[in-house]
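Each chain gets a letter, A, B and so on, in the order the sequences are listed, and its residues count up from 1.
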There are 2 protein chains.
Amino acid sequence: MGRWEPDARDRLVRAALDLFDEQGYENTAVAQIAERAGLTKSTYFRHFRDKREVLFSGQDELLELVTGGIAGASESAGALGAVEGALVAMAVTFTQDRWANGPRRLAVIAANDELRERDALKMAGFARTMKAGLLERGVPELDADVASELGVLALRRGYAQWLEAGGDFAEVARRALEEVRVAAAGLEGAE
Amino acid sequence: MGRWEPDARDRLVRAALDLFDEQGYENTAVAQIAERAGLTKSTYFRHFRDKREVLFSGQDELLELVTGGIAGASESAGALGAVEGALVAMAVTFTQDRWANGPRRLAVIAANDELRERDALKMAGFARTMKAGLLERGVPELDADVASELGVLALRRGYAQWLEAGGDFAEVARRALEEVRVAAAGLEGAE
DNA sequence: TCAAGTGATGGGACTTGGTCTCATCAACCG
DNA sequence: CGGTTGATGAGACCAAGTCCCATCACTTGA
């Protein structure tokens with residue numbers, strides 16, 4: 001059994017989420033996750049590079065969408081327009097069924113420092129990728145920095161809103177970005 | 001020897017930075033850091049909660065300055081004005097002698113994923129603390145989110161500029177924040 | 001002056017994350 | 001039917017991190 005059963009990766013993800021949810025991240029050993037999935041520790045580490053990553057798989061795919069979304073934005077679009085292109089491009093992976101476990105996943109991450117750390121790194125990765133794409137388009141360095149940070153903020157806010165209320169992710173993210181843009185434009189200086 | 005020699009913590013920090021610099025973070029064991037500092041692994045973990053943290057000590061102190069700086073900003077100051085208060089308040093710890101190893105530290109962090117991960121968490125911590133302080137002042141949630149993210153961006157940019165060019169940190173950070181503010185205000189929408 | 005107390009350290013056992021290597025077994029292919 | 005491929009199992013191994021207890025330097029109070 002186990003051997004050659006399909007979807008080893010998915011089984012590991014589900015087992016991990018269940019166990020983290022039931023008994024907490026720290027009280028769960030990798031060997032235990034593997035066992036529940038009908039696999040072994042060796043196999044776990046063949047699929048995920050460490051204990052945290054099981055909750056963050058699919059990131060690479062998203063980064064490619066970000067890069068493509070920014071590069072594919074219309075010539076005339078400004079920095080934020082290109083960032084919007086990135087958010088909209090990400091929408092193809094944000095489908096209801098694939099993210100049914102989104103809220104549980106968020107709760108588990110929020111409850112643990114190690115996981116929040118990994119989450120912060122992932123977010124920084126989005127920002128870095130957006131910034132690189134913007135620089136590629138000729139956006140000045142400062143503008144690229146600001147636009148990518150605001151883009152990640154919009155992504156975070158949009159994701160949370162989408163998990164809560166559902167709907168079309170592209171639309172939700174677009175609104176979140178516009179919201180953030182208006183707020184940023186309205187901030188006054190210090191003097 | 002070693003026992004009761006003063007400054008155990010500082011010795012550990014210096015030993016760690018030296019070793020990470022010489023042979024890389026991954027190739028350095030905690031026991032080795034402790035040994036170079038004339039201490040043992042046990043003592044190391046009494047001073048730092050894990051291997052990464054030795055490069056990030058002093059964070060709590062900075063968070064307190066952030067909180068104080070925001071709370072202490074003048075009544076009439078807006079969100080960004082309060083954030084500026086936080087950056088200026090942090091300047092007391094950014095003195096040339098205490099940060100002589102800043103560039104080496106940055107290089108070591110940039111060279112390693114685990115350390116960049118911790119760095120991302122620390123930055124997220126600054127943002128969270130700033131946001132909390134702004135909410136405390138009655139700033140709307142969205143504005144607090146945007147202002148704190150821009151504040152952290154200004155902190156990062158200002159810190160890098162200060163390490164490179166020196167000068168008064170408060171002044172450098174203030175300029176960085178204003179720069180970021182102007183760039184954010186100038187970003188156009190997507191339509 | 002000395003005995004008790006305090007606080008930082010040493011030391012070592014132990015668990016677990018993570019790496020590495022080799023054996024095994026199912027499926028595929030000629 | 002025999003060889004190849006690719007995912008898995010098994011187990012040794014190292015380092016991170018936890019825990020507990022002994023030890024020693026220094027302080028305090030009688």
Side-chain angles (χ1 to χ4, degrees), chain A residues 1-20 22-57 59 108-109 111-119 121-122, chain B residues 1-20 22-57 59 108-109 111-119 121-122:
Chain A
M1 64 230 145
R3 212 188 267 249
W4 291 127
E5 297 276 337
D7 301 325
R9 194 185 181 89
D10 280 1
R11 264 152 52 213
L12 285 168
V13 170
R14 278 195 298 272
L17 191 54
D18 286 347
L19 286 168
F20 293 165
E22 290 169 18
Q23 56 187 30
Y25 174 81
E26 286 121 342
N27 302 321
T28 304
V30 170
Q32 195 182 0
I33 300 172
E35 189 191 7
R36 178 169 293 201
L39 299 166
T40 64
K41 201 180 80 165
S42 296
T43 302
Y44 176 96
F45 283 110
R46 250 177 229 113
H47 286 279
F48 306 101
R49 73 165 183 275
D50 59 36
K51 184 178 172 185
R52 303 156 208 87
E53 197 63 17
V54 68
L55 288 179
F56 297 90
S57 61
Q59 165 92 356
V108 168
I109 292 174
N112 181 274
D113 253 19
E114 258 182 80
L115 294 174
R116 290 201 329 211
E117 193 165 14
R118 176 58 50 86
D119 190 58
L121 181 69
K122 296 297 186 182
Chain B
M1 57 189 171
R3 211 187 266 249
W4 290 126
E5 299 275 337
D7 301 326
R9 194 185 181 91
D10 280 0
R11 264 153 51 212
L12 285 168
V13 170
R14 278 194 300 272
L17 191 54
D18 287 346
L19 286 167
F20 293 165
E22 289 170 19
Q23 58 187 27
Y25 174 81
E26 285 122 340
N27 302 321
T28 303
V30 170
Q32 196 181 358
I33 300 172
E35 190 190 7
R36 179 170 293 202
L39 298 167
T40 64
K41 201 180 79 168
S42 296
T43 302
Y44 176 95
F45 283 109
R46 251 177 228 113
H47 286 279
F48 306 101
R49 72 163 181 276
D50 58 36
K51 184 178 171 184
R52 303 155 209 86
E53 197 63 17
V54 68
L55 288 179
F56 297 89
S57 61
Q59 165 92 356
V108 169
I109 292 173
N112 181 274
D113 252 20
E114 257 183 79
L115 294 174
R116 291 202 329 212
E117 192 165 14
R118 177 58 50 86
D119 189 59
L121 182 68
K122 295 298 186 182

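- Relative to the side chain of A:Lys41, the nucleotides D:dG17, C:dG18, D:dA10 differ in distance, and C:dG18 lies closest.
- Contact of the A:Phe20 side chain with the A:Asn27 side chain is not registered, since no non-hydrogen atoms from C-beta on lie closer than 4.5 Å.
- As rounded to whole Å, 10 Å separates atom P of C:dG18 from atom CD of A:Glu53.
- Rounded to whole angstrom, the span from the CZ atom of A:Phe45 across to the P atom of D:dA10 amounts to 16 Å.
- Whole-Å rounding puts the A:Phe48 CZ to D:dT8 C1' distance at 15 Å.
- Base engagement by B:Arg46 is indicated by at least one non-hydrogen atom pair under 4.0 Å involving a base atom.
- A:Gln59 and A:Glu53 share no donor-acceptor pair across their side chains, judged by distance under 3.5 Å alone.
- Taking every side-chain heavy atom of A:Leu39 into account, D:dG9 is the closest of C:dT9, D:dG9, C:dG18.
- The shortest distance between the side-chain N/O atoms of A:Arg52 and the OP1/OP2 oxygens of C:dG18 is below 4.0 Å.
- Which of C:dG10, C:dG17, D:dT8 sits closest to the side chain of B:Thr40 comes down to C:dG10.
- A:Asp119 has no carboxylate O lying under 4.0 Å from a charged side-chain N of A:Lys122, or vice versa, which leaves the two without a salt bridge.
- Taking atom CG of residue B:Leu12 and atom C1' of nucleotide C:dA8, one finds them 13 Å apart after rounding to whole Å.
- No side-chain heavy atom of B:Leu39 sits under 4.5 Å from any side-chain heavy atom of B:Tyr44.
- Residue B:Ser42 places no side-chain N or O under 4.0 Å from the OP1 or OP2 atom of C:dG12.
- Between B:Gln32 atom CD and D:dC14 atom C1' the separation is 14 Å, expressed in whole Å.
- Rounded to whole Å, atom C1' of D:dA16 lies 14 Å from atom CG of B:Asn112.
- The B:Thr43 side chain lies nearest to C:dG10 when the options are C:dG10, D:dG17, D:dT8.
- Regarding B:Arg11, its CZ atom lies at a distance of 11 Å from the C1' atom of C:dT9, rounded to whole Å.
- A:His47 has no side-chain polar atom (N or O) that falls below the 4.0 Å cut-off from OP1 or OP2 of D:dA7.
- As a whole-Å value, the separation of A:Asp50 CG from D:dG17 P is 13 Å.
- Annotation for B:Gln32: atom CD counts as buried by contact number, over 12 foreign heavy atoms lying within 6.0 Å.
- Here the nucleotide nearest the side chain of A:Lys51, chosen from C:dG18, C:dG10, D:dG17, is C:dG18.
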